[in-house]
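For reference, the structure is listed below as structure tokens.
In what follows, every heavy atom counts, from backbone to side chain, and hydrogens, waters and symmetry copies are set aside. Starting from 1, each residue takes its place in the sequence as its number. All values reported here derive from a predicted model rather than from experimental measurement.
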Amino acid sequence: MQAAPDSQWMARALQLAARGLNTTTPNPRVGCVLVKHGELIAEGWHERAGEPHAEVHALRAAGAAAHGATAYVTLEPCSHHGRTPPCADALIAAGIAGVVVAMQDPNPLVSGNGIAKLRAAGIAVESGLMEAAARELNIGFVSRMTRGTPWLRSKIAASLDGRTALANGVSQWITGPAARQDVQHLRARSCAVLTGIGTLLADDPQLNVRISDTPPLTRGGWEGLRQPLRVVLDSQLQTPLAARILAPSSASGGTLIYTASSDTSRIAALEQVGAQVVPLPGADGCVDLPAMLRDLARRGINEVLVEAGAKLNGALLQAGLVDELVLYLAPQLLGDQARGLAALGKLVSLDQRIELDWQDVRLVGRDLRITARIRR
């Protein structure tokens, strides 16, 4: 059993890692604490991809005092040259005496190699302390590295009776301002926000991050926040050239359109206004959804937030591609003629149902936010 002080130091490292929640893509969120004689001497976290990793920030802050210290790191120190040098080498050079790692890196380029390099240098290494919390913090990165697909989180705003819009399509606004602002935080942590052509034509969304309810967590404030990639599933290339999702803006992470169409003139027109169009036709004449997720993973996308209507939500659920649902339920009833939250077709047996495991339930303003994961 790990000693209580070890858990306290790792808990602090996890707190630090969470500061990179919205900024480290495509890298994992990592924190590091350096402790010597039971006292904190330095700490750091990975802030942005391409910049120094958590261990390097902590070592720089500690200076010569790092010699003989123990490093508590939320993820196995890297052992390969990427955009930055190996952190394992930096820990060895600094004379670190011990390293406590929350979890082994799922990246095949690193997995186990960083720990092996540290041990070969005579450094005592322990692994597995608070591993569940570390995995949760990087759930999308782990998914991309182990499954070859991002973590897919679907956000749905609905009435208490599970209705997302009136029969005529009117849906703004079912939930209150606090819930809508809460969604901005989901967008901020996501690498990509995904919608369907139906939602695009009905609502003309921007799908960028517009946070105003909390102090800025990143350098430059919320205005300098990394914006997610906007992704549209548009099988027949119906996206209007004047759609707000295509408008050039500093508050944009770019727009990617997946299609089943091979209309070269339409593709050229959309690319001329700044979109990237990727044909991925499936056997049903629609976009190949599993291929789409694999392509996003190849682009370094760890977490995808789905903001779509019943048709796309249903298709993703039926294909077994949704990992997590975030439901915002408003204290109101819209009746059985209003639109549902997922078009799953007619189920004739309870064996066909999709079962969930509750993760979190809380009030956000006047609305109830339920987080649930698909039971596999």
Side-chain angles (χ1 to χ4, degrees), residues 7 10-25 28-29 31 74-75 102-103 130-144 146-147 149-164 173-194 209-215 217 228 302-308 310 313 316-317 320-332 340-342 344 353-376:
S7 296
M10 187 61 77
R12 175 56 182 166
L14 286 164
Q15 287 179 335
L16 292 168
R19 294 187 181 184
L21 189 70
N22 304 333
T23 59
T24 64
T25 296
R29 299 135 182 164
T74 59
L75 187 69
M103 65 172 288
M130 303 183 74
E131 180 175 355
R135 294 182 74 87
E136 185 67 26
L137 185 62
N138 284 305
I139 197 164
F141 180 76
V142 173
S143 175
R144 180 166 66 90
T146 59
R147 303 189 306 181
T149 57
W151 183 262
L152 198 70
R153 179 182 291 115
S154 184
K155 182 277 297 183
I156 303 174
S159 61
L160 189 59
D161 53 349
R163 302 295 168 171
T164 58
W173 297 103
I174 291 176
T175 53
R180 297 198 298 273
Q181 193 59 217
D182 194 61
V183 172
Q184 299 297 323
H185 292 271
L186 289 178
R187 289 182 183 178
R189 70 170 292 168
S190 302
C191 310
V193 180
L194 171 69
V209 180
R210 303 181 298 278
I211 295 181
S212 60
D213 64 341
T214 59
L217 297 177
N302 294 330
E303 297 183 21
V304 176
L305 179 65
V306 179
E307 297 193 39
N313 276 318
L316 291 167
L317 283 165
L321 300 176
V322 177
D323 296 300
E324 182 175 293
L325 294 176
V326 181
L327 305 174
Y328 294 89
L329 298 182
Q332 55 193 256
L341 54 85
L344 296 176
R353 64 190 168 187
I354 296 172
E355 294 200 62
L356 310 172
D357 288 318
W358 305 123
Q359 299 294 310
D360 182 75
V361 180
R362 68 183 65 195
L363 280 173
V364 178
R366 295 185 63 242
D367 303 311
L368 188 66
R369 188 186 75 190
I370 299 175
T371 304
R373 290 184 180 164
I374 307 300
R375 174 173 288 188
R376 302 300 182 191

Decide whether Arg147 and Ser143 meet the rule of one side-chain donor and one side-chain acceptor closer than 3.5 Å.
->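 Side chains of Arg147 and Ser143: pair found under 3.5 Å.
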
Strictly distance-based, threshold 3.5 Å: is any side-chain N or O of [X] a donor or acceptor partner for the main-chain N or O of [Y]?
{"X": "Glu131", "Y": "Met103", "value": "no"}
{"X": "Asn313", "Y": "Ala308", "value": "yes"}
{"X": "Thr74", "Y": "Ala134", "value": "no"}

Mind checking what makes side-chain contact (heavy atoms from CB on, under 4.5 Å) contact with Thr371, not counting sequence neighbours?
->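 Scan of Thr371 (side-chain contact (heavy atoms from CB on, under 4.5 Å), adjacent residues dropped) gives Glu324, Val326, Gln359, Asp360, Arg369.
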
Which pair of non-hydrogen atoms, one from Ser190 and one from Pro228, has the smallest distance, and what is that distance?
->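 Minimum heavy-atom separation between Ser190 and Pro228: O-CB, 3.6 Å.
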
Shortest non-hydrogen separation from Thr175 to Arg180 and the atoms involved =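 For Thr175 versus Arg180, the nearest heavy atoms are O-NH1, 2.7 Å.
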
Is atom CZ of Arg135 surrounded by more than 12 heavy atoms (other residues, nucleotides or ligands) closer than 6.0 Å?
->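 Incorrect, the count does not exceed 12.
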
Residues, nucleotides or ligands: over 12 heavy atoms within 6.0 Å of Arg366 CZ |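 No, because the 6.0 Å sphere around CZ of Arg366 holds 12 heavy atoms or fewer from other groups.
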
Side chains of Asp367 and Pro331 in contact at under 4.5 Å (non-hydrogen atoms) =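 Yes, side chains in contact.
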
Would you call Arg362 and Asp182 a salt bridge, using N to O less than 4.0 angstrom?
->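 Between Asp182 and Arg362 there is no salt bridge, as every charged N stays at least 4.0 Å from the carboxylate O atoms.
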
Salt bridge Asp357-Arg376, side-chain N to carboxylate O under 4.0 Å |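 Here Asp357 does not pair with Arg376 in a salt bridge, since their nearest N and O are not under 4.0 Å apart.
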
Testing Val322, Leu325, Leu317 for side-chain contact (heavy atoms from CB on, under 4.5 Å) with Ile354, which one passes?
->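 That would be Leu317; it is the only one of Val322, Leu325, Leu317 passing the side-chain contact (heavy atoms from CB on, under 4.5 Å) with Ile354.
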
For Leu368, the option from Val361, Leu160, Leu327 that meets side-chain contact (heavy atoms from CB on, under 4.5 Å) =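 Among Val361, Leu160, Leu327, the one that satisfies the side-chain contact (heavy atoms from CB on, under 4.5 Å) with Leu368 is Val361.
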
